[in-house]
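Quick note: residue numbers are just sequence positions, from 1.
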Amino acid sequence: QVQLVESGGGLAQAGGSLRLSCATSGRTITSYTMGWFRQAPGKEREFVALIRWPVSTLYTNSVKGRFTISRDNAKNTVYLQMNSLKPEDTAVYYCAADGNPGFTTPDYWGQGTQVTVSS
């Protein structure tokens, strides 16, 4: 079993930055695909970014050039650096882990952290 705990959410102004962290525990997930989804009010959950072993990354178009995903395997933590935030980035952000590279149906999820961007 893998536990994922997000932190770092909060309130930011448009153009500002936040860094989300996802601390993992329970088992070694060095080779897992890790990533982030988000869900805005009234909308379906959507993919944001992922990082595959060892370092390949993928982003949804709307965050390319603004968000950066990274991982520190020594700390069992995944990060999402969010710059140039926009009001449309407001959502609950969920960390996820998948034993498969596809990341279409992650095996494990965090509880989510709220990100609110004011205009």
Side-chain angles (χ1 to χ4, degrees):
Q1 194 73 3
V2 175
Q3 291 79 43
L4 308 176
V5 178
E6 303 99 333
S7 61
L11 178 64
Q13 290 188 333
S17 299
L18 286 172
R19 187 176 80 157
L20 305 183
S21 299
C22 174
T24 69
S25 62
R27 63 181 296 178
T28 301
I29 60 167
T30 303
S31 62
Y32 273 53
T33 298
M34 301 293 299
W36 297 87
F37 287 75
R38 66 186 180 186
Q39 187 167 19
K43 295 186 178 181
E44 293 188 352
R45 189 175 299 185
E46 65 171 352
F47 165 78
V48 177
L50 66 79
I51 183 165
R52 295 189 180 105
W53 177 259
V55 292
S56 67
T57 59
L58 183 69
Y59 299 91
T60 192
N61 286 339
S62 63
V63 307
K64 284 181 180 178
R66 301 189 298 121
F67 291 11
T68 302
I69 188 171
S70 62
R71 67 194 298 169
D72 185 335
N73 288 330
K75 295 182 178 180
N76 294 321
T77 301
V78 177
Y79 304 98
L80 185 67
Q81 178 66 44
M82 305 186 295
N83 298 329
S84 301
L85 284 164
K86 303 176 180 180
E88 51 263 44
D89 294 319
T90 295
V92 177
Y93 284 71
Y94 297 90
C95 178
D98 197 341
N100 298 309
F103 209 62
T104 54
T105 54
D107 301 311
Y108 305 101
W109 293 86
Q111 81 287 350
T113 185
Q114 177 71 46
V115 171
T116 303
V117 183
S118 62
S119 58

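Among all heavy-atom pairs drawn from Pro101 and Arg52, the shortest one is O-NE, 2.7 Å. Minimum interatomic distance between Thr30 and Asn73 (heavy atoms only, all atoms of both residues): CG2-ND2, 3.5 Å. Shown here for Ala12 and Leu85, the closest heavy-atom pair between the two residues is CB-CD1, 3.8 Å. The two residues Pro87 and Ser119 have their closest heavy-atom pair at CG-CB, 3.8 Å.
The cluster map of Ile, Leu, Val, Met, Phe, Trp and Tyr, joined by side-chain heavy atoms under 4.5 Å apart, puts Leu4 and Tyr79 in different clusters. Hydrophobic clustering of Ile, Leu, Val, Met, Phe, Trp and Tyr side chains at less than 4.5 Å, counting indirect connections, keeps Trp36 apart from Val92. Under the 4.5 Å side-chain heavy-atom criterion for grouping Ile, Leu, Val, Met, Phe, Trp and Tyr, Leu80 is not connected to Leu50 through any hydrophobic cluster. Val115 and Tyr94 are not part of a single hydrophobic cluster, where members link through side-chain heavy atoms under 4.5 Å apart. Hydrophobic cluster membership differs between Ile69 and Phe47, with clusters built from Ile, Leu, Val, Met, Phe, Trp and Tyr side chains linked at under 4.5 angstrom.
Residues Thr24 and Thr77 are not in side-chain contact: their nearest non-hydrogen atoms beyond the backbone lie 4.5 Å or more apart. Using a 4.5 Å heavy-atom cutoff, the side chains of Tyr59 and Val48 are not in contact.
The ring of Tyr32 has its center no closer than 6.0 angstrom to the ring center of Phe103.
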Open item on the list: For Gln3 and Tyr108: C-alpha separation, side-chain torsions, deciding distance, then whether side chain to side chain contact (heavy atoms under 4.5 Å, CB included) applies.
Closed with: CA-CA 7 Å; Gln3 291 79 43; Tyr108 305 101; over 6 Å; no

Task: Leu20 vs Thr113, side chain to side chain contact (heavy atoms under 4.5 Å, CB included): CA-CA, chis, key distance, verdict - done: CA-CA 8 Å; Leu20 305 183; Thr113 185; 4.0 Å; yes

Task: From CA spacing to verdict: side chain to side chain contact (heavy atoms under 4.5 Å, CB included), Arg66, Lys86 - done: CA-CA 10 Å; Arg66 301 189 298 121; Lys86 303 176 180 180; 3.8 Å; yes

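With no hydrogens or angles considered, a side-chain donor-acceptor pair links Asn83 and Ser17 at under 3.5 Å. Between the side chains of Glu6 and Gln111, at least one donor-acceptor pair of N or O atoms lies under 3.5 Å.
In this structure, OG in Ser70 is found 11.5 Å from CE in Met34, a value given to the nearest 0.5 Å. Rounded to the nearest 0.5 Å, atoms CZ (Arg45) and CZ (Phe37) are 8.0 Å apart. One finds the OG1 atom of Thr57 at 14.0 Å from the CZ atom of Phe67 (value rounded to the nearest 0.5 Å). Taken from CD1 in Ile51 to OG1 in Thr33, the straight-line distance is 9.5 Å, to the nearest 0.5 Å. Once rounded to the nearest 0.5 Å, the distance linking CZ of Arg19 with OG1 of Thr68 reads 11.5 Å.
No more than 12 heavy atoms of other residues, nucleotides or ligands lie within 6.0 Å of CD in Gln13, so this atom counts as exposed by the packing criterion.
Side chain of Asp72 to main chain of Ala74: a donor-acceptor pair is present (N/O by atom type, distance under 3.5 Å, no hydrogens or angles). When atom types are taken as modelled, the side chain of Asp107 and the backbone of Gly99 share a donor-acceptor pair closer than 3.5 angstrom.
A side-chain hydrogen bond (donor to acceptor under 3.5 Å, both in side chains) with Arg38 is found for one member of Thr90, Thr60, Asp89 and no other, namely Asp89.
Trp53 does not carry Arg71 over the face of its six-membered ring by the limits of under 6.0 Å from the centre and within 45° of the normal.
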